[in-house]
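Input: a single structure, listed below in structure tokens.
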Amino acid sequence: MDKNAARLEADATPSAPSLILRPWSPADTADLAELYRDDALRRWTRAVNDEANAARWAHDQQRGWETGNRFGFAVLEAQSPGTEGRLAGHVVLKNVAPGTSSAEVGYWTAGHARGRGVAPRALQALTDWAFTTFAGDGLTRLELLHQVDNTASCRVAQKSRYELTTLLPAAPPAYPLAGHLHVPAHDLFQQGATRIPGTSS
């Protein structure tokens, strides 16, 4: 499979259109800068302050594809089957290396698209793609990390069947608060691990 030509899709729901996932491009710069006017997005992710900063961010995503250690996807709601509509979010597979068994996933959703199941559907598409594409490189485990007070991210993880397995201690200044570590449920089954008592499945 040509990793650099990846284009993924996620099914529609009764109340939301299907999703298209494809690598970021310079053409996304203006839309990306507009999305980052959202205070909630700026709170939890690296801020994009203007179009110049957005252009650098998009370039960083492209460079990740070129180096093969970070694969960021723009998530768009389909205008019609197979036709790109409005930018709705971002998912990423990162810290990928041949011979390394684990990698990390991340995501965010645009303010206008929240409540439509964008992040869980995009994350599931990314998860399936990651295990299919990198199985030959030794990938067997995905990790999802978020700050403990990011309850929205925790809900996305649970909806995507990423189980909470570890409570991570704070590590200031980079990580001022404790965090959650989630892994896909099938990883737990394969590795014989257990989830944190009292968490939902």
- Whether Ser25 side chain and Ala27 backbone form a donor-acceptor pair below 3.5 Å: yes

- Message: Under the criterion side-chain contact (heavy atoms from CB on, under 4.5 Å), I'd like the reasoning laid out for Arg141 against Val183: C-alpha separation, chi angles, the key distance, then a yes or no.
- Response: CA-CA 7 Å; Arg141 175 185 172 93; Val183 301; 3.4 Å; yes

- Task: Examine Trp44 together with Tyr107 and report whether their ring centres are nearer than 6.0 Å.
- Result: no

- Closest heavy-atom contact between Val118 and Ala88? CG1-O, 4.0 Å

- Message: Does this structure show an ion pair linking Arg114 with Asp38, if we count only N-O contacts that are shorter than 4.0 Å?
- Response: yes

- Message: Donor-acceptor pair, distance only, cut-off 3.5 Å: does the side chain of Thr67 make one with the backbone of Gly64?
- Response: yes

- In Å, rounded to the nearest 0.5 Å, how long is the span from CZ of Arg116 to OG of Ser15? 8.5 Å

- Atom CG of Asn95 and atom OG of Ser102: how far apart are they, to the nearest 0.5 Å? 8.0 Å

- Query: In terms of side-chain geometry, is the basic nitrogen of Arg37 or Asp50 positioned less than 4.0 Å from the acidic oxygen of its partner?
  - Reply: no

- Item | Sidechain N-carboxylate O distance under 4.0 Å for Lys94, Glu143 | no

- Message: To the closest 0.5 Å, what do you measure between OG (Ser101) and CG (Asp137)?
- Response: 12.0 Å

- Task: Might you point out which heavy atoms bring Val96 and Leu93 nearest each other, and give the distance in Å?
- Result: CG2-CG, 3.6 Å

- Least distance between heavy atoms, Asp11 atom then Arg121 atom: O-NH1, 2.7 Å

- Query: For Ala6 and Pro23, which heavy atoms make the closest approach, and how far apart are they?
  - Reply: O-CD, 3.2 Å

- Query: Looking at Ile20 and Gly82, what are the two nearest heavy atoms and their distance?
  - Reply: CD1-C, 3.8 Å

- Item | Sidechain-backbone polar pair: Thr83 side chain, Gln79 backbone, donor-acceptor under 3.5 Å | no

- Query: With a 4.5 Å limit on heavy-atom distance, are the side chains of Asp149 and Leu177 in contact?
  - Reply: yes

- Query: Should Val75 and Val91 count as side-chain neighbours, where that means a heavy-atom distance under 4.5 Å?
  - Reply: yes

- Side chains of Pro26 and His59 in contact at under 4.5 Å (non-hydrogen atoms): no

- Item | Hydrophobic cluster of Leu41, others only, ordered by chain and residue number, side-chain cut-off 4.5 Å | Trp24, Leu32, Leu35, Tyr36, Val48, Trp57, Leu76, Leu87, Trp108

- Task: Not counting sequence neighbours, which residues clear side chain to side chain contact (heavy atoms under 4.5 Å, CB included) with Ser18? List them please.
- Result: Ala12, Ala78

- Task: Give, for atom OH of Tyr175 and atom CD of Gln147, the distance between the pair rounded to the nearest 0.5 Å.
- Result: 10.5 Å

- Partner of His182 by side chain to side chain donor-acceptor pair (under 3.5 Å), out of Arg161, Glu163, His146, Gln158: His146

- Query: If we only count heavy atoms from C-beta on, is the Leu123 to Leu144 side-chain gap below 4.5 Å?
  - Reply: yes

- Leu142 versus Phe131: any side-chain heavy-atom pair under 4.5 Å? yes

- Do the two ring centres, one from Phe134 and one from Phe71, sit under 6.0 Å apart? yes

- Task: Would you kindly confirm whether Leu8 and Trp65 end up in one hydrophobic cluster when ILVMFWY residues are joined by side chain heavy atoms under 4.5 Å apart?
- Result: yes

- Please answer whether the main-chain N or O of Gly117 pairs with a side-chain N or O of Thr13 as donor and acceptor at a distance below 3.5 Å. no

- Partners of Glu9 by salt bridge (charged side-chain N to carboxylate O under 4.0 Å, His left out), sequence neighbours excluded? none

- Item | Distance in Å, Leu181 CG paired with Leu145 CG, rounded so as to fall on 0.5 Å steps | 5.0 Å

- Item | Leu126 to Val105 - nearest heavy-atom pair and separation | CD2-CG1, 4.0 Å

- Query: Hey, are the side chains of Leu19 and Glu77 touching, using non-hydrogen atoms and a 4.5 Å cut-off?
  - Reply: yes

- Message: Would you say Asn150 and Arg155 are linked by a side-chain donor-acceptor pair, where the criterion is simply a distance under 3.5 Å?
- Response: no

- Are Arg22 and Glu84 side-chain neighbours, meaning at least one heavy-atom pair lies under 4.5 Å? yes

- Gap between atom CD of Gln61 and atom CZ of Arg56 - 0.5 Å precision: 13.5 Å

- Any salt bridge between Arg42 and Asp39, counting N to O under 4.0 Å? no

